[in-house]
Visitor: 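Before anything else, here's the structure in question.
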Amino acid sequence: MSTQHNSLAGAEFLKRETAGLAEPAGSRALGEATERSARQIRELAAGIPQWQDWREAAHAVKQYVLANLDRLLVEFERNLTARGVTVLWAEDAREANRLVLELAREHKVKNVVKSKTMVSEEMELNHALAAEGIRAVETDLGEYLVQLAGQRPVHIVTPALHLSAADCGRLFAEKLGEPFTAEHQALTDIARRHLREEYLKADMGISGVNFGIAETGTLVVVENEGNAGLSTSAPPVHVALMGIEKLLPRMEYLPLFLNLLARSGTGQKLTSYTHLIDGPVPGRKMYVIILDNGRTRVLADRMTRMALGCIRCGACLNNCPVYRRVGGWAYGWVYPGPIGSIVTPLLAGLDKAGKLPFASSLCGACAEACPVKIDLAHQLVHLRHRATSEPSPVRSFWERLMWKAWAWSMSGPLRYRLTMAAVRLGVRLAKYLPWHPLQLGAWTRGRDLPEVPGPAFRATWKEEGK
Ligand code: SF4
């Protein structure tokens, strides 16, 4: 397992979750924005009669890809190589970082521009580059903002969803020395001016890959700002980072996935820019690093395999009542929301992130929204089963004690009645506590505990009987 996973804090989910809940204003803004986005996307999908057919078709294509990944990857490599691209393979994040650093040394790279790549966040590539004295600047506006703020993205599609225009204005004033403004066009102009300078001095551009077409060796990158186009073509060296699962077998399937991704991600019919990269710009160098980083382990488990079909649209996040309240940081790693609660334990291990599958109400809204029909709720249940049946250090002393107490209370009518009476009294008293062993203190600082309802059912029954 790579060292990057050692910094993973998914096991700390409950602590982070309750810390997030102590700030109701932030969680309310995030909740409102994601709810609005989910509603818009639902309405858009409802107006497309063939939407469910598209989802079925995309699911079938991804199943085919995952069942034939070995053969398709070889075909993809062959076609990329024929186009003049150097293909490199990385077993884990450490190896992928090593490859990028070797390329940086070979091409005497001092400045890097990056367009959105989640794989690079898995690798913690910016830290690896910084340790070698190489400056890496994110060029996706949301990623640029969170990088300036020294934060992690809160959402996989809209990384700076939590920042208001005024927050951005303050950030630009503090970090870039610009006069404060909260006006959207002025903020965009500032970002564009600063980023334009970065493209001009960059020695290397690093991008992600939305889809790799095995049949043609084409890389497909979608975006809305033009930054990916510049990052992949302006610098003399382009390095594309992709997970092994990002393939489509043939070009004919691309329109289906573009339709689903744009609509599910941002409610657009198509993203503003769709780049089909067929080899390096003449006179430039191009490399593709294909990363495993635990994916073949996921592939080997038939129950969880389909999680690799994710196209990173973010729809499951927007529809998840837990994510809406806690935001992306609570999940402790690169992938938040329902899909993060699945892929993080799968890629990093249940010992590090075994709490995450429990961060769900299992309402199924995520699976209904997923454009590739990943059965997220069943996968979460499967991982819960694994997390509780495998020896796991993520269960705390308090959790073990709680389950023991629950088992005791459920083993006889008298014990049950005593427990219920104690719970009712405890809930009444809990709101007066400044802290609580189960971290209720963080909840009660920001909101009131619900009132204990009137008489217990048994008391009412007895009364009615009289
Ligand atoms: S799991 Fe489905 S809904 Fe969630 S990000 Fe992936 S493709 Fe989108």
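Counting convention: from 1, in listed order, for ligands and their atoms alike. This chain uses plain numbering: 1 for the first residue, then up along the sequence. Heavy-atom basis, side chains included; hydrogens, waters and symmetry copies ignored.
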Visitor: Taking only Lys NZ, Arg NE, NH1 and NH2, and the carboxylate oxygens of Asp or Glu, determine whether Arg295 and Asp292 approach each other closer than 4.0 Å.
Guide: no
Visitor: Kindly say whether the aromatic ring centers of His194 and Phe172 come within a distance under 6.0 Å.
Guide: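 His194 vs Phe172: aromatic centres not under 6.0 Å.
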Visitor: What residues form a side-chain contact (heavy atoms from CB on, under 4.5 Å) with Asn227, not counting sequence neighbours?
Guide: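 In terms of side-chain contact (heavy atoms from CB on, under 4.5 Å), with neighbours along the sequence ignored, Asn227 is linked to Ser115, Thr139, Asp140, Tyr199, Glu223, Glu225.
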Visitor: Looking at residues at least two apart in the chain, or sitting in another chain, which of them share a side chain to side chain donor-acceptor pair (under 3.5 Å) with Tyr144?
Guide: none
Visitor: With sequence neighbours excluded, what pairs up with Trp89 under the ring pair (Phe, Tyr, Trp, His ring centres under 6.0 Å) test?
Guide: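 Trp89 satisfies ring pair (Phe, Tyr, Trp, His ring centres under 6.0 Å) with no other residue.
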Visitor: Regarding Glu102 and Arg98, does a basic nitrogen lie under 4.0 Å from an acidic carboxylate oxygen?
Guide: yes
Visitor: Could you pull out the N/O/S protein atoms under 2.8 Å of atom 8 (Fe) of ligand 1, ignoring any water?
Guide: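 Listed by chain and number, the atoms are Cys313 SG.
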